[in-house]
Number of protein chains: 2
Amino acid sequence: MLSDRQRLILNAIVDNYIHSAEPVGSRTISKREDIGYSSATIRNEMSDLEELGYLEQPHTSAGRVPSTKGYRFYVDNLIQPHLLNEQDLVKLKQLFAERILHAEQVVEYTAQILTQLTNYTAIVMGPEVFDHRLRNVQIVPLNETQAVAIIVTHTGRVENKLIDLPDGIGTSEIERLVNLLNHRLTDVPLWQLRQRLYQEISGEMRRHTEQYEEMLQLLDQSFHQEETDRVYLSGATKIMNQPEFRDVDKVKDILELLEQHDQLLHMLGMPANGLTVRIGQENQLDAIKQCSIITASYSLGGKPVGMVGILGPTRMEYSRVITVLNHLAEGLSRMLTSQFEK
Amino acid sequence: MLSDRQRLILNAIVDNYIHSAEPVGSRTISKREDIGYSSATIRNEMSDLEELGYLEQPHTSAGRVPSTKGYRFYVDNLIQPHLLNEQDLVKLKQLFAERILHAEQVVEYTAQILTQLTNYTAIVMGPEVFDHRLRNVQIVPLNETQAVAIIVTHTGRVENKLIDLPDGIGTSEIERLVNLLNHRLTDVPLWQLRQRLYQEISGEMRRHTEQYEEMLQLLDQSFHQEETDRVYLSGATKIMNQPEFRDVDKVKDILELLEQHDQLLHMLGMPANGLTVRIGQENQLDAIKQCSIITASYSLGGKPVGMVGILGPTRMEYSRVITVLNHLAEGLSRMLTSQFEK
DNA sequence: GTTAGCACTCATTGCGATTGAGTGCTAAAT
DNA sequence: ATTTAGCACTCAATCGCAATGAGTGCTAAC
C-alpha cells in the first residue's frame, strides 16, 4: 500500500519524533544520511502521508507528527529489532540469577528492573492463581475466639486469613480436622476447594465430629478467598519526564488510573499469549489515549499466567521496549517453569 | 508575645489563606464579621506581623501569606477544635465496625478512609513487629529441594519464606523438628528467635537429629526475616488538586519521594506517643518543604506501634486533619488492643 | 520525477501600555 | 494615643501588536 519511499520517510519521521518530541519538518528529514531527497520531495510525500492518515499536523506551519495509524504502521511494519547493550543484559541476568524468591518478590523486582531499563512506568501482573493446587492447610488458634487459616499451594504461595472460631471447638478437634483436610484435599485446585469440601468431606466430617455445623462454617470462612491484588507498578512518576506531560491535569488522570488496580486489570484483560501493543487512541480509557501500552505474557509450562507491561507516551521507544519485554517475559517463563514443574 | 489583636488577625489571615490559596489583603480581613477594624489598621498590624516573621509577602503589591513560623503559631496557639459532621463520623465508625481483619487490611482501609475524609495523601505505618511473639511454626515441603517456612505470631500475622531443603532431609524429620520448635519457642518474640534457636534448641537438636548441621541451616534461613515494608499510601495524587502544585516538577519530586518507602520511614521515624505536626520548612527533605505532615501514633496496650499521617500543602486544614487523625488513632488503638490483648 | 524558489501561515517571543489589587505613609479624626 | 481616610506608589498579570522564524504548499524550471 505504501511505496518504499513512503515507508522510508514515515520511518524516519517516527524515529525522529520519538527522540525529539517535536513536530518534524521536511528539512530535518532531508538532511538525514539515509535520505537522499530534497525537502521539497519530502514535503510532497509528507502531504500524501497526511492525506492517508499516517501523519498529523498540529497547525499549518508546523512539522508533522505521527498519528495513531502512523505509529501502528511503524510498529507493525517498519520497526527493526533493537539490540540490548551489555549493561542492560547484565541487569536482566541479575534478576534471573536470584535463586530463591517468592512469586511476589519476583514480580516486584521485575517491575523495578523494567522501569530502570526503559524509564517508563512498568506494570506487572502476577502469576494467576487459577492453577494453584493445595499443598497444605493449617489452622492456628490465636485465642479462644480467633484463629488463622493458612493455605499453602504447590507453587509455594501462602494465603492466610483471620477467622472466627465457633464456640466450644477444641484444639484436638481442629487438629483432627486439619489432618483430614490434608489427607483428602491435597492437589485440589484452589478454586474447587469449597465445592469439594461440601461434596466429599462433609459426610465424613459428620461422622467424626460432633460440631459438624460449626466446623463446616469455619472451613467455609477459611476457603473463601478474596481476589488478591496481583498488579505491581513501578516508576509511576516516570511519565512526568516526558515533555508532552508537563501538564498536571493530564498526569493526574493517568496517575489516578494507575492507583485503581482493578481498572488496570480490567483494561489489560486476561493474559493472552504473546505481545500486545496498544497505541494512543486504540486505548479504551480516555486518561491514556495519549499513551501506549505494551504487554508481553509469561507462562508456566506453556500456559500464560501473567504479563509484564510498559506504559509510556505514544511517542515511545517501541523497538527497545518490545525487546526488553520479550526478554523479560521469556526469562520469567523459564524461571517459573523450572522452579515449579519438576 | 503577640497582642490579642495580633492573634486575632493572624488567625484570620491563616484561616482565609487556607481556604482561598491566595495572598490575603488587608481589606479582605477588615471585611470579616469577626474583625472590627479598618483596612488601614489591619495593614499596620500586618506590617508588624511580617516584621516578626509570622507573615510573608510574595511581592510588594500583594497580600500576605503565612510563613512557616506563622503556621506554627497558628497550630500551637490559635487552632480551635474541629467538629466532625455526621457523615464523617459514619465513615470512621464503618472502619471500626469491620469485625475480622488482618492488621494489613486494617492499615489499608485506614489509609483509604483517611484520604476520603481529608482529600490529602494518607500515610499509614505499622503495626510494628517488635512485640510480636511466636505462636506457631510450620515447614511445608513443596518438592525434594524446596519448602515454605511459615511463622504465625500471636497477633495473627503470618510471615512466610521460601527455603532450600538441605539434601537428604525427610518429611518425618522435618515434622519432628517443627514439633520441637513449637514446643520450645512459643511466645518468644520474633527478634529473639535466632538467638534462642542457637542458645537453647541446638543442643537438643543435636541429640535427636542426625543431620544437625543441615537442620540448623534450614532454620536459620527460615528465621532470617526481612524487614517487611510497612508503609501504606493512599491518594498520592491528591496533592495535584492543590493550586500551589500545578507545577509538574514540584509534584514529581513529591511523588518520587512517596515511592521510596524507606525514605518515608526514615523521615517519619519511630512512632512516638501522640501527635506530631511538621510544617513546611521544618521538614528535612527538600521535596516536601512546601508541605506539612501531621502524624498521630496508635498503640497496642499503651505502647505505640504505628502511626497514621497526612501529607498536604502547608496551607492545610490543620484543625480538621488533626481531629480526624486523633479519632482514627484512638479508634485503631482500641481496636487492636481489644483484639489482641485478651 | 525532482528540486529550487517564493509567497504564505501561524505559533512563539518580546515589548510597551494598561489595569487593578494591595501596600505604606501621612495627616486628620476620634 | 489610636484609628482611619486618603493618596501616591508598586508590581504581577493581561492585552494588543509587531517581529521572528520554522515550516508548508505551490509553481515553474531542471
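Just so you know, these numbers use all the heavy atoms, side chains as well, and skip hydrogens, waters and symmetry mates. Proteins come first, then strands; the chains are lettered A, B, ... in the order of their sequence lines, and each starts at number 1.
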Applying side-chain contact (heavy atoms from CB on, under 4.5 Å), run through A/Leu275 and A/Asn326 and close with a yes or a no.
CA-CA 8 Å; A/Leu275 192 95; A/Asn326 274 334; 3.6 Å; yes

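The pair A/Lys252-A/Asp247 fails the salt-bridge criterion, with no side-chain N (NZ, NE, NH1 or NH2) lying under 4.0 Å from an Asp/Glu carboxylate O.
When the P atom of D/dT3 is taken as reference, atom CD of B/Gln6 falls 12 Å away, rounded to whole Å. A straight line from CD1 of B/Ile42 to C1' of D/dG6 spans 18 Å, rounded to a whole angstrom.
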Side-chain donor-acceptor pairs under 3.5 Å in residues 309-322 of chain A, sequence neighbours left out?
unit_1	atom_1	unit_2	atom_2	d
A/Arg315	NE	A/Glu244	OE1	3.3
A/Arg315	NE	A/Glu244	OE2	2.8
A/Arg315	NH1	A/Ile18	O	2.5
A/Arg315	NH2	A/Gln242	OE1	2.6
A/Arg315	NH2	A/Glu244	OE1	3.1
A/Tyr318	OH	A/Ser292	OG	2.7
A/Tyr318	OH	A/Thr314	O	2.5
A/Ser319	OG	A/Gln80	O	2.8
A/Ser319	OG	A/His82	N	3.3
A/Arg320	NE	A/His82	NE2	3.4
A/Arg320	NH1	A/Leu117	O	2.4
A/Arg320	NH2	A/Asp88	OD2	2.2

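Contacts classified as ring-ring contact (aromatic ring centres under 6.0 Å, His included) and involving residues 30-49 of chain B (residues at least two apart or in different chains) are not found. Residue pairs satisfying the side-chain hydrogen bond (donor to acceptor under 3.5 Å, both in side chains) criterion with at least one member in residues 64-76 of chain B, sequence neighbours excluded, are listed as follows: B/Asp15-B/Tyr74, B/Glu50-B/Arg64, B/Arg72-B/Asp76, B/Arg72-B/Glu282.
Within 6.0 Å of CZ on B/Arg27 lie no more than 12 heavy atoms contributed by other residues, nucleotides or ligands.
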Classify every nucleotide of nucleotides 11-30 of chain D by which part a protein heavy atom approaches to under 4.0 Å, writing B for the base, S for the sugar-phosphate alone and - for neither, in 5'-to-3' order.
BS---------BSBBB----

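Looking only at atom types and distance, the side chain of B/Lys238 has a donor-acceptor partner in the side chain of B/Asn119 under 3.5 Å away.
For the helix from C/dG1-D/dC30 to C/dT30-D/dA1, the terminal axes (five pairs an end, C1' atoms, rotation from four pairs onto the next four) enclose an angle of 20°, given to 10 degrees.
Looking at residues two or more places apart in sequence or on another chain, you find a side-chain hydrogen bond (donor to acceptor under 3.5 Å, both in side chains) between A/Asp34 and A/Arg32.
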